[in-house]
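Both backbone and side-chain heavy atoms feed into the values below; hydrogens, waters and symmetry mates do not. Labels below follow one simple rule: chain letters A, B, ... track the order of the sequence lines, proteins then strands, and each chain is numbered from 1.
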4 protein chains.
Amino acid sequence: MSKPRERILNTSMILFHQQGYNSTGINQIIEEADVSKASFYQHFKSKDDLCIEFFNKRFKYWVSELENFTSGAKTLEEKFLKSFDFLIYMNQKEDFRGCSFLNIMSEIPVDKIEIHKIIRDHKATLRDSFHKDLKNDILAAHLYLLFESCILTSQLYRSNELIEKSKLIVQNLLQSSLSH
Amino acid sequence: MSKPRERILNTSMILFHQQGYNSTGINQIIEEADVSKASFYQHFKSKDDLCIEFFNKRFKYWVSELENFTSGAKTLEEKFLKSFDFLIYMNQKEDFRGCSFLNIMSEIPVDKIEIHKIIRDHKATLRDSFHKDLKNDILAAHLYLLFESCILTSQLYRSNELIEKSKLIVQNLLQSSLSH
Amino acid sequence: MSKPRERILNTSMILFHQQGYNSTGINQIIEEADVSKASFYQHFKSKDDLCIEFFNKRFKYWVSELENFTSGAKTLEEKFLKSFDFLIYMNQKEDFRGCSFLNIMSEIPVDKIEIHKIIRDHKATLRDSFHKDLKNDILAAHLYLLFESCILTSQLYRSNELIEKSKLIVQNLLQSSLSH
Amino acid sequence: MSKPRERILNTSMILFHQQGYNSTGINQIIEEADVSKASFYQHFKSKDDLCIEFFNKRFKYWVSELENFTSGAKTLEEKFLKSFDFLIYMNQKEDFRGCSFLNIMSEIPVDKIEIHKIIRDHKATLRDSFHKDLKNDILAAHLYLLFESCILTSQLYRSNELIEKSKLIVQNLLQSSLSH
DNA sequence: TATGAATGAGCTTTCATTCAT
DNA sequence: TATGAATGAAAGCTCATTCAT
C-alpha cells in the first residue's frame with residue numbers, strides 16, 4: 001500500500017472531480033483513503049491546501065493524457081482534431097464531469113484568491129499552448145474558445161454533439177487559414 | 001416594504017448569483033430578506049425549491065436585459081455584436097460573476113435531476129435563439145459556442161479581452177457567411 | 001361535506017390512532033381535513049385540546065363497536081370470549097395498532113395531567129365493566145389484566161397468538177369459577 | 001469523570017426512560033452529559049442509533065436487577081411472586097414509568113423496523129424465560145400476560161393495586177397447577 | 001365566522017479543524 | 001510520525017401557535 005499522503009491525494013483525484021469540492025467532506029476523503037484525521041492534517045495544512053495540490057496533480061494528469069492521445073498526429077490540423085476527440089474520450093471515461101478547474105472555480109468564494117489564482121494559472125497554461133502552436137493570435141484565441149466551450153457544453157447537455165460540430169468548424173478554420 | 005416571498009426571491013437573486021448556491025445559507029437569506037425561518041419554509045418547500053424559482057426569475061431577468069440591450073440593432077450582425085457587448089456590460093455590472101446557471105450546475109450533485117433539468121432547459125432556450133436567427137446550423141452552433149465561452153473565460157480571467165477578440169471573429173464569420 | 005369541526009375530529013381519529021400523537025402534526029391534520037389553520041384554532045384551543053376530544057370520540061366508538069360485536073352473546077362466558085375475538089377483529093381492521101389510550105399515554109409528558117387523567121378515566125370505565133359483570137373482585141381483575149395484556153402483546157408481536165391462548169385460559173377460569 | 005460515550009449512554013438511560021424518546025432532544029442529552037454535539041455524533045450515528053444502544057443497556061440492567069431481586073427464591077412459586085414484587089420495587093424506584101420498551105414502541109413510527117425489531121426481540125427473550133421455567137405452555141403464557149399487564153396497568157393507574165392482586169392470582173394458579 | 005401570513009423556538013445532523021497522548 | 005477524541009459553528013428544516021384582515 002502506498003504512503004498516506006499519496007493515498008489522500010489519489011482519493012481527492014476521484015472525489016473532487018466526481019463530486020466537486022464542497023460536496024466532498026474531509027471525512028469521506030480520510031475514510032476512502034484509509035487514513036486518520038490527524039494524519040490528514042499532518043500532510044495538508046487545510047482542505048484548501050489539499051485542493052491546491054489536487055489541482056497540480058490533476059493538471060499534470062490531464063495534460064499528459066492529452067499529449068498521449070494526440071501524440072500520433074502528423075500535422076497541426078490532425079493534432080487539433082485529435083484534441084477534440086480527446087474531449088469525447090474523457091467525457092466517456094469520466095461521465096461528462098467537465099473540467100475540475102471550472103467546476104471548482106464556481107463554488108469557491110471569490111476571496112480565496114490563492115485557489116482562484118492556481119485555477120487561472122493552469123488554464124492560462126492551456127491557452128498558451130494554443131498560441132504556441134498557432135502564430136495567428138486571433139485564430140489561437142478562436143480555437144481555444146471553442147475548445148473550452150466544448151468541455152463546458154458537453155457537460156451541460158451530457159452530449160458530444162457540439163464537439164462533433166466543432167471538429168467540422170475547426171477543420172474549416174484551419175484549411176482556410178492555411179490557404180492564405 | 002414588499003411581501004416576504006418577494007423579498008426572499010430578491011435576496012436570492014443577489015446572493016445565489018454572487019456567492020453561489022452552497023456558500024449561501026438559509027440563515028443569510030432570511031436575515032437579509034428580514035424574514036423568519038418558518039416564513040421562508042411557508043413559501044418555499046426547500047432550499048432546492050427556491051433555487052428553481054431563482055433560476056426562472058434569473059432567466060427572465062437576464063433575457064429581458066439582453067433584449068433591451070440589443071433592441072436598437074438594425075442588422076443581424078449588429079445584433080450579435082451587441083450581444084457580446086452585453087456580456088461586457090454585465091461583467092462590469094456584476095463583477096465578472098459569469099453565468100449563474102453554469103456556476104450552480106458545477107456545485108450541485110448530479111442526482112438532483114430536477115435542478116439540472118431546469119439549467120439545461122434554460123440554456124437550451126438560449127441556444128435555440130441562435131438557431132432561430134441563423135438558419136445555417138453549423139454557424140449558429142459556432143456563434144453559440146463562442147458566446148458561452150466568452151461568458152466563461154471572462155469570468156475565469158476576470159477580463160473582457162476574449163470578448164473583444166470574439167467580436168472580431170464574429171464579424172468575420174458573419175461577413176464571409178453573407179458573401180456566399 | 002360535513003362541518004370543519006367534525007372533519008378535524010374525524011381526521012384525528014385516523015391519524016392519532018395510526019401514527020400516534022407526536023408524529024401527527026397540525027399541518028397534516030388541517031390538510032387532510034381540508035381546513036384552514038386559523039379555523040382549526042377556532043374550534044380547538046390547542047393540539048392537546050383536540051387530543052382530549054379525540055379520546056372521548058375514540059372511546060365512544062370503541063365501546064360501541066365492542067358492544068355491537070358481543071351483543072349476540074347469550075351467556076357471560078360467551079360474551080367474554082367474544083370480547084377477545086373482538087380484539088382479533090380490531091387487530092385485523094387497524095393493522096395491530098393496539099390501544100390509542102396506552103399508545104398516547106406513553107408519549108405524553110407526565111406533567112400534562114389533564115390528558116393523563118382522561119386516559120385513566122376511560123380505562124377505569126373499561127375496568128369497571130369487568131367488575132360489573134363479575135361480582136368476584138379477583139376474577140374481574142384477572143380477566144381485565146388478561147384483556148389489556150392481549151391488546152398490548154398482540155400489538156407488540158403483531159400476532160393474535162396470545163389472544164387465542166387467552167381465550168382458552170378465560171374459558172377455564174370461568175368454568176371453574178361457576179362450578180364453585 | 002467517565003468517557004463521553006459512557007456519559008451519553010448513562011444520560012439516555014435516565015432521560016429516555018423518564019421522558020420518552022421524542023420528548024428527549026439531542027440538545028438535552030448532550031447538555032446533561034456535558035458533551036459537545038459533534039462529539040455525540042462521533043459516537044452515535046444518529047439518535048435512532050443511540051436508541052438501540054439504550055435498549056441493549058436497559059435490557060441488561062433490567063434483567064440483572066430482576067435476577068438480583070429474585071435470586072434468594074427457593075421455589076419456583078417464590079421466584080414468581082418475587083418477580084411481581086420486583087415490579088413494585090421498580091415502580092417506587094422509577095416513579096411508575098412502566099416499561100421503556102413498550103413506551104417507546106408506542107411513539108416510534110412503524111417504518112423504523114430496526115427499532116421495532118429490537119423491542120420485540122428483547123420482549124421475546126423475557127417471554128422465553130417464562131416458558132423455560134414452566135413447561136406447561138398455557139400456564140407460561142398466562143403468567144407472562146399477567147406480568148406484562150401488571151407493568152402496564154400499574155403505570156396507567158400509578159398504583160400497585162393490580163400487582164398485589166396478581167400475586168394472589170399467581171399463587172393460586174401455581175398451587176392448583178402443582179396439585180395436578 | 002373564517003383565513004392566509006407570519007413567527008420563535010426547537011429539531012437532527014454535518015462541517016473543517018484542533019488537541020492530548 | 002501517527003492517532004482517536006473532542007469541538008464550535010453552522011447547516012437545512014419542522015413545530016404548535018398567533019395575528020392582521
- Message: Can you tell me if A/S39 touches the phosphate of F/dT3, counting only side-chain N or O atoms and a distance under 4.0 Å to OP1 or OP2?
- Response: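 For A/S39, the contact criterion (side-chain N or O under 4.0 Å from OP1 or OP2 of F/dT3) is met.
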- Message: On the nucleotide E/dG4, are OP1 or OP2 found under 4.0 Å from the side-chain N or O atoms that B/H43 carries?
- Response: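 So the side chain of B/H43 is outside the cut-off, no N or O lying under 4.0 Å from OP1 or OP2 of E/dG4.
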If I take atom [atom1] in residue [X] and atom [atom2] in nucleotide [N], what distance separates them, rounded to the nearest angstrom?
X	N	atom1	atom2	value
B/E6	E/dA5	CD	C1'	15 Å
B/I30	E/dA6	CD1	C1'	12 Å
B/D34	E/dA5	CG	P	18 Å
B/E31	F/dA11	CD	P	10 Å
D/E107	F/dC15	CD	C1'	16 Å
D/Q28	E/dT12	CD	C1'	15 Å
D/R7	F/dA5	CZ	P	13 Å
C/I8	E/dT3	CD1	C1'	13 Å

- Message: Tell me which one of A/T24, A/L9, A/I26 satisfies side chain to side chain contact (heavy atoms under 4.5 Å, CB included) with A/L50.
- Response: A/L9
Looking at every heavy atom in both [X] and [Y], which two are closest together, and how far apart are they?
X	Y	result
A/D48	A/K112	OD2-NZ, 3.0 Å
A/Y21	A/E107	N-OE2, 2.7 Å
C/K123	C/F101	CE-CB, 4.0 Å
A/E94	A/Q18	O-NE2, 4.0 Å
D/I108	D/H116	O-NE2, 3.1 Å
B/V35	B/R7	CG2-NH2, 3.5 Å

- Note on the structure: The dot-bracket string of DNA chain E, counting Watson-Crick and G-U wobble pairs with both distances under 3.5 Å, using [ ] for crossing pairs and | for pairs to another strand, is .||||||||||||||||||||
- Touch check for C/P4, heavy atoms < 4.0 angstrom, all strands: base, sugar-phosphate only, or nothing?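 The answer is nothing, as C/P4 stays clear of every strand by at least 4.0 Å.
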- Item | Residues in contact with DNA chain E, drawn from residues 12-19 of chain B - heavy-atom cutoff 4.0 Å |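 The stretch gives none, as no residue of it lies under 4.0 Å from the strand.
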- Note on the structure: When D/F59, D/Y61, D/W62 are each screened for ring pair (Phe, Tyr, Trp, His ring centres under 6.0 Å) with D/H122, the one that passes is D/F59
- Task: Using only heavy-atom distances, determine whether the side chains of B/Y41 and B/D49 contain a donor-acceptor pair under 3.5 Å.
- Result: no
- Task: Please check if the side chain of A/N22 supplies one atom and the backbone of B/S23 the other of a donor-acceptor pair under 3.5 Å.
- Result: no
- Task: Look at B/E114 together with B/K45 and state whether they make a salt bridge at an N to O cut-off of under 4.0 Å.
- Result: no
- Task: Assign a letter to each nucleotide of nucleotides 15-21 of chain E from its 5' end: B, base within under 4.0 Å of a protein heavy atom; S, sugar-phosphate only; -, no contact.
- Result: BSBBB--
